[in-house]
Amino acid sequence: MRRISAIIILLLAAVAVVLAANFYPNLSDQRKEQTMNEENEATKAGVNDLTITVVYDNNPYKQGLQTAWGFSCVITGAEKTILFDTGGDGSVLLGNMEKSAIEPNGIDIVVLSHIHGDHTGGLDYFLEKNPDVTIYVPKSFPKKFKDNVLSFRSKIVEVEQPLKICENVYSSGELGKWIKEQSLIIQTNKGLIVLTGCAHPGIVKIVNEAKDLLKGDILLVMGGFHLEWATTGKIEKIISAFKQMGVRYVGPSHCSGHKARTLFEKRFGTNYINVGAGKVITAADLQ
Ligand SMILES: [Zn+2]
Ligand SMILES: [Zn+2]
């Protein structure tokens, strides 16, 4: 009899532990958020000497640089020098980097937004020049892709949750249901810069996530907005959402489409940035 009561007590204790664990499922999330906020406070000043150079885009900007479908840019001035996406063709990427006076060896970190070839196709060519980098990829990337990166002896970081990449630079974490994508968020002394590859999870959702994560004003949103086939009505709604979120500057490029670029320019006026291959944006350009 005594043994049976002991077993019942043990069972009840086990149930209580399981219930308690379910009752506080977000404890680690809360801690993560707290850490992010503390870090945010500590680095509130942000980067003040940032430069973004677009080295791959289907939209032209600077003469002499090649255009091809895809996106890639280089971020300098933060703790690390970062290559965000690699475009689709490695020879175009490296050629444009050379014309922009950017040495592949100067890159410390590569961040790949999502698996599509127009963002990852240039990686092998780049790694042949400089394998000594850490590559941040969405965790959902295929094993074959990750194995290829490891064959270059490059380091790989699989991103699922939002994370700090280096001082003042964050990944939004894997967003979206079908095509998982991470965006880059840079903390500057003037506000947050959000860089998107194709914005498959939805550009408004991405900007909202960035705001939530780092609790700052949005200085600039640039990259592919994925509005190539969107209706005027949908684009207008997105522009209104941007205005409501207090986005100060926009630089829609790559898969944003001509119509969206024209409408954004109309509404943002001088705060619209014409982004294309060879465009250089510095912190001084943003007030
Ligand atoms: Zn794309
Ligand atoms: Zn894509």
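Any value given below was found using the heavy atoms of this structure, including those in side chains, with hydrogens, waters and symmetry copies removed. One-based numbering, in listed order, for ligands and for the atoms of each. Not measured: the values here are computed from a predicted model.
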* Structure fact -> Among N, O or S atoms, His119 approaches the Zn ion (ligand 1) most closely through NE2
* Asked: Counting backbone and side-chain atoms alike, does His200 have an N/O/S atom under 2.8 Å from the Zn ion (ligand 2)?
  -> yes
* Asked: From the Zn ion (ligand 1) out to just under 2.8 Å, does an N/O/S atom of His226 turn up?
  -> no
* Asked: For Leu184, which of Thr196, Ile193, Asp85, Ile75 qualifies under side chain to side chain contact (heavy atoms under 4.5 Å, CB included)?
  -> Ile75
* Under 3.5 Å, side chain of Ser183 to main-chain N/O of Ser172, donor-acceptor pair present? -> no
* Neighbour count above 12 (heavy atom, 6.0 Å) for Asn274 CG -> yes
* With respect to the Zn ion (ligand 1), what is the nearest N, O or S atom of Asp118? -> OD2
* To do: Run the numbers on Phe264 and Phe242 for ring-ring contact (aromatic ring centres under 6.0 Å, His included), then give the verdict.
  => CA-CA 10 Å; Phe264 266 103; Phe242 266 50; 5.3 Å; yes
* Would you find more than 12 non-hydrogen atoms of other residues, nucleotides or ligands less than 6.0 Å from Glu228 atom CD? -> yes
* Relative to the Zn ion (ligand 2), which of the N, O or S atoms in His116 is the closest? -> ND1
* To do: Would you mind checking if Arg267 and Glu236 are paired as a salt bridge, meaning a charged N to carboxylate O distance below 4.0 Å?
  => yes
* When you draw lines from the Zn ion (ligand 1) to NE2 of His254 and to SG of Cys198, what angle lies between them, to the nearest 10°? -> 110°
* To do: Please find out if the Zn ion (ligand 1) and some N, O or S atom of His114 are separated by less than 2.8 Å.
  => no
